[in-house]
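Below, each value reflects all heavy atoms present in this structure, side chains not excepted, and no hydrogens, waters or symmetry copies. Lettering follows sequence order; numbering is per chain, from 1.
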Amino acid sequence: MNLSPVRVRFAPSPTGRMHLGSARTALYDYLLARRSAGQFILRIEDTDRKRFVEGAEQELRDGLRWLGIQYDEGPDLGGPYGPYRQSERQESYQQWAAELLRRDQAFPCFCSADRLEKVRQEQLKNKQSLRYDGTCRQLDPAEAQRRIAAGEKHVIRFKMPYEGETRAVDTMRGEIVWQNKDLDDSVLMKSDGLPTYHLAAMADDYEMKITHVIRGSEWLSSFPLHVNIIRALGWPEPIWMHLSVFLKPSGKGKMSKREAAEAIKDGHSIFVTDLKDLGYTPEGVLNWIVLMGWGVAEDDVMSLDQMVQRFDPTNLNPSPAAINFAKLDHFNGTHIRLMDAADLAGRIKPFLVGAGFSVDDAKLLKIVPLIRERLVTLDDSIPFAGFFFKDELTPDPQDLIAKDLTPAQSAGVAQTALEILTDLPDVSHAQAEPPLRRFVEQSGLQPNQVFGILRVAVTGQKVSPPLFESMEIIGREVVLARIRRAVELLTTF
RNA sequence: GCCCCCAUCGUCUAGUGGACUAGGACGCAGCCCUUUCAAGGCUACGACCGGGGUUCGAAUCCCCGUGGGGGCACCA
């Protein structure tokens, strides 16, 4: 691929939450920019005042920051081509619209919403394609001028050629050809004086010197409009890539609101900040989404930097991809296992604190190696490490009874173990294991019967990190107290 | 109804005319390891949508079907 520096932009509209599709587009933008030592720009497309959502831009920025996708220019950072919010660039759009009018590549349209709707119904009835019928395109320019001067409400539409064809290249798909007769005279400037995406995005891309446009495939249908606007104004054309959409897990249809809610019920989510709260790591999420639409032959576990090294946009896959949360779990667990203890401890701590535990850092650092390979999400640290920070445990007495043993027999086992441990200077792994193993052998019991009782006694749960390592961290006094308590529970069962 | 895009294991994908007995990953199943749960190791199962061409040779190129997806707003 060509490695001369690119300028790419991630241009979301602040109309909702940041989802996986956006994150992946931003990631590809970032990878391409870094790979070529170019710039990655964040631009906010807020020309729709009706759909504006307060806080959406903040969530976008938080999401990007959390993922580690850093932009070089943006609304909060500034940059040489600002402002980076479309609402702050209105004069520019008005000028370009005027220029299009001057070049006879656009026309004012006075059609009312009512009339347009009637036309649409008619077309629907006649099974025709749904598009503007060209009424105002025929208007005498002087007449149109008079009506504008008189203050009549109007929009500006692009004058799409009636004949011939439009050709444009998408790097993932090659050349695409449209018959101009199938194309529409789309609105460029709304009657409120604000531009539509079509004009605003093209003008910004031109003024911000964007070289590569990476966007969702939902833009494929307005692709010919966009290249025609660019060509009408004589601007240089960027290189285009239209990314496939994400399909719901079943593979049938794209992610919907309903499906998003379904995922949340399942302990997953398609929203970036939710994933963070659920205990997913940026590494895991990034590794997961980078591979949806792009493939590597082998070694698919990658850090962001490794992705930068390997990313090749000519290898992107244009077909839609079904979301697979099991794979997110896999990548998240894998990256957790790759972290060093201090790093992981720092990430786990907020989850433990959030669950109400007061966390001792030194202790947590010792716990981390024990639980690291058991975590799928950071959130899993709560069941695996919580008991280390509890003052008192109340195990279910039922759980203290070993398989094939009576409560009384189980109590006897616990009592013997308690005596063995009491005689020891400490309950370190090295000190505690040999005598307890000897006890298992002499008693003729199964290891899991003895250790099972102790596990529940010491950790309060049937599933836990390794027993001896856990006891060592918990410490002699607490371990003995907990086993004593278990004996009590079993004898009064 | 119209326009456009897409098509390899259940899923994400590698594959750019001969190196394909179609590779990897997830999941699933089995085994090993093991005091629980994991992790790890090994093994198994599993795909070129269909039909026509082009070619000595096609998963790969072309056409047609079929299936899937996106769009057809004064939303992005």
Side-chain angles (χ1 to χ4, degrees), chain A residues 11-16 45-48 50-51 109 111 113 116 120 123-131 153-157 170 172-173 176-179 182-184 186-192 194-198 200-201 215-224 242 244-245 247 249-254 288 291-301 314-315 317-331 333-334 337 371-376 380 383-384 433 436-437 440 446-456 459 461-468:
Chain A
S13 61
T15 52
E45 311 232 327
D46 55 351
T47 53
D48 185 354
K50 289 190 272 302
R51 294 205 309 156
C109 171
C111 296
L116 259 19
R120 215 183 79 89
Q123 288 170 337
L124 225 44
K125 208 174 70 191
N126 299 336
K127 304 199 172 204
Q128 290 171 300
S129 54
L130 276 17
R131 44 199 292 263
K153 276 238 172 200
H154 66 284
V155 302
I156 309 277
R157 286 180 185 273
D170 169 282
M172 302 163 65
R173 297 160 234 266
I176 304 171
V177 183
W178 295 264
Q179 297 307 309
D182 295 325
L183 270 22
D184 206 353
S186 301
V187 172
L188 263 25
M189 292 292 281
K190 299 179 263 188
S191 58
D192 61 4
L194 259 36
T196 58
Y197 170 89
H198 309 302
R215 48 164 20 177
S217 67
E218 63 269 25
W219 294 110
L220 228 32
S221 53
S222 45
F223 189 16
H242 294 87
S244 64
V245 291
L247 270 23
S250 65
K252 303 242 173 261
K254 70 168 178 179
W288 180 48
L291 257 9
M292 298 182 68
W294 178 57
V296 293
E298 253 132 90
D299 298 328
D300 61 359
V301 176
T314 60
N315 276 353
N317 191 148
S319 46
I323 287 176
N324 180 355
F325 288 112
K327 201 143 186 170
L328 167 61
D329 285 346
H330 161 73
F331 278 121
T334 301
R337 271 169 257 132
I371 65 173
R372 182 162 37 199
E373 64 227 24
R374 280 160 247 266
L375 304 181
V376 170
D380 290 340
F384 275 117
E433 183 167 7
L436 284 174
R437 285 230 180 260
V440 169
Q446 293 300 312
N448 63 356
Q449 290 176 304
V450 175
F451 297 135
I453 293 169
L454 287 178
R455 180 185 311 285
V456 176
T459 70
Q461 51 205 49
K462 295 176 91 161
V463 172
S464 82
L467 178 60
F468 292 111

Pairwise C1' distance for B/G41 and B/C49, with rounding to whole Å: 37 Å

Parallel, tilted or perpendicular, as decided by the 30° and 60° cut-offs, for the rings of A/His242 and A/Phe223: tilted

Under 3.5 Å donor-acceptor, A/Asn126 side chain and A/Gln128 backbone: no

Gap in Å between the two P atoms, one belonging to B/G57 and one to B/C64, rounded: 23 Å

Between A/Asn317 and A/Ser319: side-chain donor-acceptor atoms closer than 3.5 Å: yes

Phosphate contact (B/G40 OP1 or OP2) by A/Arg337 side-chain N/O below 4.0 Å: yes

Sidechain-backbone polar pair: A/Gln123 side chain, A/Arg131 backbone, donor-acceptor under 3.5 Å: yes

Paired nucleotide for B/C2 [Watson-Crick or G-U wobble; both distances under 3.5 Å]: B/G71

Gap in Å between the two P atoms, one belonging to B/C74 and one to B/G65, rounded: 33 Å

C1'-based separation of B/C45 from B/G69 [nearest Å]: 30 Å

Protein-nucleotides 44-49 of chain B N/O pairs closer than 3.5 Å?
none

Sugar-phosphate only, base, or nothing, as touched by A/Gly253 at under 4.0 Å among non-hydrogen atoms: sugar-phosphate

Can you pull every protein N or O that's under 3.5 Å from an N or O on nucleotides 62-67 of chain B?
none

Mutual orientation of the aromatic rings belonging to A/Phe325 and A/Trp288 [parallel < 30°, tilted 30-60°, perpendicular > 60°]: tilted

P-based separation of B/G46 from B/G70 [nearest Å]: 32 Å

Touch class at under 4.0 angstrom, heavy-atom based, for A/Phe468 against every strand present: base

Span that lies between the P atom of B/A29 and that of B/G68, in whole angstrom: 30 Å

A/Asn317 side-chain N/O to B/A14 phosphate OP1/OP2 under 4.0 Å: yes

N/O to N/O distances under 3.5 Å, protein versus nucleotides 19-23 of chain B:
none

For B/G10, the Watson-Crick or wobble partner whose two distances fall under 3.5 Å: B/C26

Side chain of A/Lys327 (C-beta onward), nearest among B/U35, B/G24, B/C6: B/G24

A/Lys254 side-chain N/O to B/G71 phosphate OP1/OP2 under 4.0 Å: yes

Residue matched to B/A44 through Watson-Crick or wobble contacts both under 3.5 angstrom: none

P spacing across the pair B/G18 / B/U13, given as an integer number of angstrom: 24 Å

Partners passing side-chain hydrogen bond (donor to acceptor under 3.5 Å, both in side chains) against A/Asp380 (at least two apart in sequence or in another chain): A/Thr377

Sugar-phosphate, base or nothing in reach of A/Pro466, heavy atoms under 4.0 Å: base

Sugar-phosphate, base or nothing in reach of A/Gly293, heavy atoms under 4.0 Å: sugar-phosphate

Check: A/Val187 main-chain N/O paired with A/Thr196 side-chain donor or acceptor under 3.5 Å: yes

Restricting to nitrogen or oxygen on both sides, can you table the protein-nucleotides 72-76 of chain B pairs closer than 3.5 Å?
{"from": "B/C72", "atom 1": "O2'", "to": "A/Leu130", "atom 2": "O", "distance (Å)": "2.6"}
{"from": "B/C74", "atom 1": "O2", "to": "A/Ser191", "atom 2": "N", "distance (Å)": "2.7"}
{"from": "B/C74", "atom 1": "O2", "to": "A/Ser191", "atom 2": "OG", "distance (Å)": "2.7"}
{"from": "B/C74", "atom 1": "N3", "to": "A/Ser191", "atom 2": "OG", "distance (Å)": "3.0"}
{"from": "B/C75", "atom 1": "OP2", "to": "A/Lys190", "atom 2": "NZ", "distance (Å)": "3.2"}
{"from": "B/C75", "atom 1": "O2'", "to": "A/Asp48", "atom 2": "OD2", "distance (Å)": "2.6"}
{"from": "B/C75", "atom 1": "O2'", "to": "A/Arg51", "atom 2": "NE", "distance (Å)": "3.1"}
{"from": "B/C75", "atom 1": "O2'", "to": "A/Arg51", "atom 2": "NH2", "distance (Å)": "3.1"}
{"from": "B/C75", "atom 1": "O2", "to": "A/Arg51", "atom 2": "NH1", "distance (Å)": "3.3"}
{"from": "B/C75", "atom 1": "O2", "to": "A/Arg51", "atom 2": "NH2", "distance (Å)": "3.2"}
{"from": "B/A76", "atom 1": "OP1", "to": "A/Thr47", "atom 2": "OG1", "distance (Å)": "2.7"}
{"from": "B/A76", "atom 1": "OP1", "to": "A/Lys190", "atom 2": "NZ", "distance (Å)": "3.0"}
{"from": "B/A76", "atom 1": "OP2", "to": "A/Tyr197", "atom 2": "N", "distance (Å)": "3.1"}
{"from": "B/A76", "atom 1": "O4'", "to": "A/Arg51", "atom 2": "NH2", "distance (Å)": "3.4"}
{"from": "B/A76", "atom 1": "O3'", "to": "A/Glu45", "atom 2": "OE1", "distance (Å)": "3.2"}
{"from": "B/A76", "atom 1": "O2'", "to": "A/Ser13", "atom 2": "OG", "distance (Å)": "2.9"}

Please tabulate, one pair per line, each protein N/O and nucleotide N/O from nucleotides 16-18 of chain B that are separated by under 3.5 Å, including the distance.
none

